[in-house]
Amino acid sequence: MMGNLPKRSFTKEWHLVGFGLFILFILLTLMSGMMTGAGQNFSWDQFFDLWVKMSNPDWSYLPAIMSPIAQTIQMALVGTLIGGVAAIPVSLLAAGNIVKNPYVRGLVRFLMNLTRSLPEMLLAALFVAVVGIGAFSGVCALAVFSFGMVFKLLYEAIETIDEGPLDAMKAAGANSVQIIVFAVFPQVFNQFLSFFLYTLEINVRASTVLGYLGAGGIGLYLNTTLEMFRYDRTAVVILSILVVVVIVDTISNQLREALA
């Protein structure tokens, strides 16, 4: 029986086509970089010198950045909370099983897609220009970003709920608000919390760099230490950010697994 099995060719057995395409992709990438001049100013000496200086962190700088780290976490929490809660009613307007008018749904989705197309850094720059430098600009930027992300995930979850409870409440004479509160929201509540935690993970990472644009948080100190060539302090800031992100991600993953 074993002798009757078809034998693969040498090319398929060693995946030569895949390896060839991968090498071709690498070569095309290198050629593109050479043509555009990318990497011409890269200095290996400066690169290794930077790592040598960062290998000796100035731990005495740690107390000075504890408050900005706390502010960064607060920015992420408040921004995610505002954006996530605001996304709930708009998600209902975009769900096909809640709003039957296709023009209303299309308009809401179009406007929300425009909101989602703006990255956090651009939002932070806009809010810094409008409301000034400070943590409030960062909160506003993260709130808008969270609003767009939670809206997208939540309205898709609402469209997949079981229609049975909705039909039963309609038959019993319930109004639209009662249907949403007692038939729709209980089915997506756990998913909403999961979306909220996932967005919070992203916002904690994003809020660490918003300070480059004056939006508050630890990013301002990261920018300052780099501009002052205090790479020993830069290492402390980066390690602190890493610890915060890992802790937040771990807690969030455990909570989302519990919700699932």
Side-chain angles (χ1 to χ4, degrees), residues 73-120 122-124 126-127 136 138-207 245-260:
I73 299 174
Q74 291 170 352
M75 286 169 51
L77 282 170
V78 175
T80 308
L81 181 61
I82 294 174
V85 172
I88 295 175
V90 186
S91 300
L92 294 169
L93 293 176
N97 53 347
I98 303 299
V99 176
K100 302 301 181 180
N101 191 322
Y103 299 103
V104 174
R105 296 198 312 270
L107 178 61
V108 172
R109 294 181 185 183
F110 174 74
L111 294 176
M112 294 305 100
N113 287 333
L114 292 180
T115 303
R116 291 175 54 247
S117 65
L118 299 175
E120 305 99 315
L122 178 57
L123 290 171
L126 291 175
F127 280 109
F136 183 66
V139 170
C140 293
L142 294 175
V144 174
F145 172 78
S146 303
F147 177 78
M149 173 166 286
V150 175
F151 159 80
K152 174 69 174 178
L153 297 172
L154 186 58
Y155 98 76
E156 291 180 348
I158 293 174
E159 290 188 329
T160 62
I161 63 175
D162 183 10
E163 297 287 339
L166 278 71
D167 296 335
M169 292 199 68
K170 290 178 182 177
N175 57 38
S176 299
V177 175
Q178 292 172 329
I179 292 174
I180 292 172
V181 173
F182 297 106
V184 176
F185 200 65
Q187 296 190 61
V188 297
F189 181 70
N190 284 355
Q191 290 175 287
F192 169 75
L193 292 179
S194 179
F195 300 152
F196 176 87
L197 293 171
Y198 176 67
T199 307
L200 178 62
E201 292 180 26
I202 298 175
N203 284 344
V204 169
R205 299 188 188 96
S207 60
V245 170
V246 169
I247 292 175
V248 171
D249 284 3
T250 301
I251 296 174
S252 177
N253 288 334
Q254 291 179 349
L255 291 175
R256 284 193 286 118
E257 289 176 2
L259 290 171

Got a sec, which residues hit side-chain hydrogen bond (donor to acceptor under 3.5 Å, both in side chains) with Q254, two or more places apart in sequence or on another chain? none

From the list L154, I158, N97, side-chain contact (heavy atoms from CB on, under 4.5 Å) partner of L92 resolves to I158

I'd like to check the side chain to side chain contact (heavy atoms under 4.5 Å, CB included) partners of L126; sequence neighbours left out, ordered by chain and number. L122

Side chain to side chain donor-acceptor pair (under 3.5 Å): pairs with one or both residues in residues 169-178, sequence neighbours excluded: none

Taking all non-hydrogen atoms of both residues into account, name the closest pair between A141 and L123 and its distance. O-CD1, 3.6 Å

Nearest 0.5 angstrom please: L200 CG to I73 CD1, how far? 9.5 Å

N/O donor to acceptor pairs below 3.5 angstrom from side-chain atoms of residues 189-197, sequence neighbours left out:
none

Among all residues two or more places apart in sequence or in another chain, which pass the side chain to side chain contact (heavy atoms under 4.5 Å, CB included) test with Q74? none

With a 6.0 Å cut-off (strictly less than), is the heavy-atom count around CZ of F185, excluding the residue itself, greater than 12? yes

Going by the side-chain contact (heavy atoms from CB on, under 4.5 Å) test, name the single residue among T199, T80, V144 that passes it with M149. T199

If you compare all heavy atoms of V90 against all heavy atoms of A86, which two are closest, and at what distance to 0.1 Å? CG2-O, 3.6 Å

Suppose we screen for side chain to side chain contact (heavy atoms under 4.5 Å, CB included). Which residues come up paired with V139, at least two apart in sequence or across chains? M75, V78, I82

If a pair satisfies side chain to side chain donor-acceptor pair (under 3.5 Å) and one of its residues is in residues 102-118, list it, with sequence neighbours excluded. R109-E159, N113-R116

Salt bridge (charged side-chain N to carboxylate O under 4.0 Å, His left out): pairs with one or both residues in residues 145-156, sequence neighbours excluded: K152-E156

State which residues pass side-chain hydrogen bond (donor to acceptor under 3.5 Å, both in side chains) with S207; sequence neighbours excluded, sorted by chain then number. none

Not counting sequence neighbours, which residues clear side chain to side chain contact (heavy atoms under 4.5 Å, CB included) with L166? List them please. I98, I161, E163, I179, A183, V184, Q187

Quick check: closest heavy atoms across Y155 and S91, and the distance to 0.1 Å? CB-O, 3.4 Å

Could you work out, with ring pair (Phe, Tyr, Trp, His ring centres under 6.0 Å) as the rule, every residue matching F147, not counting sequence neighbours? none

Can you name the salt bridge (Lys or Arg N to Asp or Glu O under 4.0 Å) partners of D249, sequence neighbours left out? R205

